[in-house]
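Just below is one structure, and these are the notes that go with it.
A note on names: the letters A, B, ... follow the listed sequences, proteins ahead of strands, and every chain is numbered from 1. Since the model is a prediction, treat every value here as computed from it, not as a measurement.
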Amino acid sequence: MSGYDDSEAFEAAIPLSQRAMAARPAPYLDDLNPAQRAAVLALDGPVLMLAGAGTGKTKALTSRIVHLLATGKARPNEILAVTFTNKAAREMKERVGRMLGQVEGMPWMGTFHSVSVKILRRHAELVGLKSNFTILDTDDQLRLLKQLIVAANMDEKRWPARQLAGLIDHWKNRAWTPEKVPSSEAAGFNNRGTELYDQYQARLRSLNACDFGDLLLHCVTIFQAHADILTQYQRWFRYILVDEYQDTNVAQYLWLRLLAQGHRNICCVGDDDQSIYGWRGAEVGNILRFEKDFPGAQVIRLEQNYRSTEHILAAASGVIAANAGRLGKTLWTEAEGGEKLRLIGHWDGEEEARWIGDEIEALQRGSRGLGPFGLNDQAILVRASHQMRAFEDRFLTIGLPYRVIGGPRFYERLEIRDAMAYFRLAVSPDDDLAFERVVNTPKRGLGDKAQQEIQRAARENGVSLLEGARELLARGGIGGKGAGQLRAFVDGVDRWHDTVVNSRPEIADAVIEPLLPETAPARDHVHVRLAEVILEESGYVSMWQNDKTPEAPGRLENLKELVKALEQFDSLQGFLEHVALIMDNETEEAAEKVTIMTLHAAKGLEFPVVYLPGWEDGLFPSQRSMDESGQKGLEEERRLAYVGITRAERLCTVSFAANRRVYGQWQSQLPSRFIDELPGAHVEVLTPPGLYGGGFGAAAPAFGGSRIEERATRADVYNSPGWKRLQDRAGQRPVAQPRESRNMTIDLHAVSAYALQDRVFHQKFGYGSVIGIEGDKLEVAFDKAGTKKVVAGFISPAHEAGDLPF
DNA sequence: ATCTTTTTGATTTTT
DNA sequence: TCAAAAAGAT
C-alpha cells in the first residue's frame, strides 16, 4: 500500500527480539479461531471487526497489533490504538507486552483523550492556548458557567449551570464550535446557549484551559484547518485501531476519519448491540455506516462465544432480536446445555434483596447442585445506582461482604479536589479556579463579600485572583480578621510556588512531554514533601483533624493516600496531568466479595453468576429514556438488557418486584416488557414459595408459589397463582424489620437538629425516629444502618412551641 | 460569616 | 425518602 521502501533502515529499527519473532511461524495465530485469524490478517484497508459479547475481541485486537509489529508492517510508534477507558488501554498494553515478551512503549496507545492531549500540547497555539494548558474538571467547569450565567443577568435557578454544561457538552460531542451550532439547536437555554458557549470558550482561552470535550474538538479543528499537520500525523500513524467503535461520538468519528483518510488502514472493533452510551453522545450510526464511510471495507464477524452457556446466549439473542437496524450477528457456543435463565417475581424490593442475598449464600455453599461459586464469582447488575441501596442494607444486616463499583471516585472526592486545588496553585498561581476553590477552605473569614472584592481588584487590574488579592491587601482594601489570613494565604502560595520552580527548573519540558506514570522513576521526593508542607501550612489537614463528623478520619486517610500516590511521579505537574485524565480508582481487592454495580459499569466484564434485579417497566426499561428518546431510547435500554445477560457465564437470574418504593412512595410495578422477549423454553418462572420476614412470615405457608416451565411472557406471569397473590396484597406495606442498634451519647453542644413530622433530621446523623422524651432530652433512633443514637439536649422552635406530636 | 431551617428534585457516567 | 442547595436567622 503506502510506499515505505526504506527497508534496510526499517529492519534495523526493529529490535532483535521482534525480528526473531517475524522469522518464526507466528505462534500467536495458532490460538485463534478462523474469524479471529481473518481479523488479524486483514491488514490493508478498512476493517470492521464486529465482535459480539464474549467472542475474544481483545485477543483478536492484541494479536493484530502483535502481527503488525512482528511482520514489520509497523513500528511500535507507528500504531495508533485508541480506547475509551484507561482500563481498556492498560489491558491492551499488558497483553501486547505479554505476547511479545517486551515491547518498548507504544506511545500512541491510549484513550481518545490522552492521545488528543499529546497532539494538542504540540499545536496548542493554533487554537489560542499555550502548551501547558490545564484540563478542567466538572466542578471547575460548572463554577465557570455559573459565573457566566450570572453575568448574563439570567436567573441561575431557571437556567442552571448543569443544564448549560450538558448542552455545551452535547454540542462538543457533535463537533460543533460556537459558530457551527445549527440554528435549530441554538434556541436552547433561553435562546442564549450559543452566546454563552462562545463566552465560555473565550473564558477558557483566557484561563489557558480546556475541558474534556475540547481535547477532541480542538484536535479536529486543527486537523481541518492545517492540512500540513494532518498529513504529518497521517504519515505517522500507519495503522489505526479503535476499540468499542459503537461508542464513538461525532467528534471522535471525525477525528478518526481525518487521520485515516490517507492510507485507510483503520480497523474498528465494536458491537452495535452493545452501544449503551447514546445519552452521552455516542452515535450507533457510526458503526452502522462503516461500510459506506469506508468503501471496500471488510466486515469480519466474531460470533463464537467463549463465555456463556447456550441458554444464556439464547435469552440474550431473544431480547436483542427485537431491535431494528442492527448489523446482525448470531452468537453461538460449543458448550452445550447449562442452567436455564431464571425469572423470579418478588413481593417488593426488600424481598428481592433478601432472596438474592440468600441465593448468593446458597451458591457459595454449593447448593443448587452447582458451583460452589465464591463471592467474587457473583455480581448484581442494576439499572440505576439507587437500586444498590436495598442490597447494601440487606448485605450489611446479614454480614455478606460486598463491593460497590462506581461510587464516588477517589479523585472526585471533596478533600482530594481541595488538595489538588492547592497543588495547582503551587504549580500555577494564576489558576483562578483553584484559587476560588480553596481561598476560604479552611475557613479564613473570607465570605462572599471579601471574595467579590478580590474578583473586582483582579478584574480592574487585569490580573489573576491571587494578584488581585495581593493588590487588595497592599492598599488595605480589606479589613478585619480576613486580612491577616488572606495575607498568610497569599504568602503561602508564593512560598510553595518558589519551591516548585526551584526544585524543577525544567518545568516547561516536563509539562510538554509529561512522563508516563509507569516509566517515571521516583527520582527525588521534593514534591512529595512539598505536598505535605502545603497541606499542613494551609491548615487543610488541621481542618479535618478538628472536624468531629464520622467521615473526617476517612478523609484524612484519603489525603495520606494522595500524598503516597505522588511518589509514583516525578513532579507535581506530572501528577496533575495524570489525574486530569485518569479519574479512575482501581483498587483491586483480594478479598472475596459480591460485586454490586450498574449495567453500564459492567460492560466488558464477566461473572459466572449474574443477578439482574428490578426488571419492571419504568425502571427497566427506564421511563425517562423512553420519554426522552422514544423508540431509540427503548432500543438502547434493550441493548442494556443484552449487555446484562451476556455478562453471565453459567447462571443468570432476572427478577422483578410487585411493589417498589420510589422516592419514598410505594408503587405497584409491572414486569418489564423485555420479559416477553426472553425466548420460550429457556425461561423458567418461579415465584418464591413463600414470603418470609417483611411482616409476612405468618402468611408464608399460604402464599404458595408458581412455576411456569415453558414459554414465559408477562401474561403468564399475570396468570400465575403466585403473582395473583402478590397483586392481592398490592398496596399493603410490609413492616420493616427492626434494625440492630447501638447506643451513643452526643455532646450537648454538638447537637443541632430539627423535627419534621414524627421524624428528626440531624445534619450529621441523618434521619431518625423519635423514641422517647425525657425532660429536654430526646431519644432518637437514626436510620443509618446499625446505629441507634441518643441525642441529648434537642431543642427546636417547633418543639418548644409544642407543635410536634412528641 | 456562619450556622440552621426550608425547599427542591431525583438515570445511566469516561475522560 | 433523602441529600444537597438555597434561604433564612443569628
Practice task
Looking at every strand, decide which applies to Leu446(A) at a 4.0 Å heavy-atom threshold: base, sugar-phosphate, or nothing.
Solution key: sugar-phosphate
Completion exercise
Of the listed dT11(B), dT2(B), dC2(C), the closest approach to the Ala384(A) side chain comes from dT11(B)
Handout entry: His600(A)/Tyr277(A) aromatic ring centres below 6.0 Å
Key = yes
Problem - Distance, rounded to the nearest Å, where Arg660(A) contributes CZ and dT1(C) contributes P - result: 17 Å
Handout entry: Closest nucleotide among dC2(C), dT11(B), dT12(B) to the Ser622(A) side chain
Key = dT11(B)
Handout entry: Side chain of Thr111(A) (C-beta onward), nearest among dT15(B), dT12(B), dT13(B)
Key = dT15(B)
Handout entry: Length of the line joining Leu215(A):CG and dT14(B):C1', which is rounded to integer Å
Key = 12 Å
Practice task
Have a look at Gln387(A) and say if it touches a base, only the backbone sugar-phosphate, or nothing, with a 4.0 Å heavy-atom cut-off.
Solution key: nothing
Handout entry: Electrostatic pair Lys632(A):Glu635(A) at N-O distance under 4.0 angstrom
Key = no
Problem - N/O donor-acceptor pair, side chain Arg383(A) with base dT11(B), under 3.5 angstrom - result: no
Handout entry: Atom-pair distance (NZ on Lys87(A); P on dT13(B)), nearest Å
Key = 14 Å
Exercise for the section: For the residue pair Glu352(A) and Ser655(A), confirm or rule out a side-chain donor-acceptor distance under 3.5 Å. Expected result: yes
Exercise for the section: May I ask you to check whether Tyr245(A) and Tyr253(A) place their ring centers less than 6.0 Å from one another? Expected result: no
Handout entry: For Ser114(A), side chain to side chain donor-acceptor pair (under 3.5 Å) partners two or more places apart
Key = Thr111(A)
Exercise for the section: Report the nucleotide, chosen from dT13(B), dT11(B), dA1(B), that has the shortest atom-to-atom distance to any side-chain atom of Tyr277(A). Expected result: dT13(B)
Handout entry: Closest nucleotide among dT15(B), dT12(B), dT14(B) to the Trp279(A) side chain
Key = dT12(B)
Handout entry: Asn132(A) and Asn208(A) side chains, donor-acceptor separation under 3.5 Å
Key = yes
Exercise for the section: Please state how far atom CG in Leu599(A) lies from atom P in dT11(B), giving the value in whole angstrom units. Expected result: 16 Å
Problem - Electrostatic pair Glu244(A)-Lys57(A), nearest N-O below 4.0 angstrom - result: yes
Problem - Integer-rounded Å distance: dT12(B) C1' and Met388(A) CE - result: 10 Å
Completion exercise
Per nearest nucleotide of DNA chain B, the residue lying toward the 5' end, Ala601(A) or Ala450(A), is Ala450(A)
Completion exercise
Every stem of 3 or more Watson-Crick or G-U pairs under 3.5 Å that DNA chain B joins, in order of first number, is B:1-10 with C:1-10
Handout entry: Side-chain N or O of Ser114(A) closer than 4.0 Å to phosphate OP1/OP2 of dT15(B)
Key = no
Problem - Value in whole Å for how far the P atom of dT15(B) lies from CG of Asn249(A) - result: 14 Å
Completion exercise
Checking dT13(B), dT15(B), dA6(C) against the side chain of Lys146(A) (C-beta onward), the nearest is dA6(C)
Exercise for the section: Go through dA1(B), dT14(B), dT11(B) for me and flag the one nearest to the Arg280(A) side chain. Expected result: dT14(B)
Practice task
Please state whether the phosphate of dA5(C), meaning OP1 or OP2, lies under 4.0 angstrom from any side-chain nitrogen or oxygen of Arg162(A).
Solution key: no
Exercise for the section: State whether Thr598(A) places a side-chain N or O below 4.0 Å from either non-bridging phosphate oxygen (OP1 or OP2) of dT13(B). Expected result: yes
Problem - Test item: Asn440(A) side-chain N/O and Lys443(A) main-chain N/O as donor-acceptor pair under 3.5 Å - result: no
Handout entry: Side chains of Asp214(A) and Gln201(A), donor plus acceptor under 3.5 Å
Key = yes
Practice task
Select base, sugar-phosphate, or nothing to describe what Asn440(A) touches, counting heavy atoms under 4.0 Å on all strands.
Solution key: sugar-phosphate
Practice task
To the nearest Å, give me how far apart OH (Tyr642(A)) and P (dT12(B)) are.
Solution key: 24 Å
Exercise for the section: Mind calculating the distance between NE2 (His600(A)) and P (dT15(B)) to the nearest angstrom? Expected result: 15 Å
Problem - Among dT11(B), dA1(B), dA6(C), the nucleotide that comes nearest once only the side chain of Lys449(A) is considered - result: dA1(B)
Practice task
Describe the nucleic acid contact of Ser385(A) in one word from base, sugar-phosphate, nothing, applying a heavy-atom distance below 4.0 Å.
Solution key: sugar-phosphate
Problem - DNA chain B: 5'-proximal contact among His113(A) and Gln451(A) (nearest heavy atom) - result: Gln451(A)
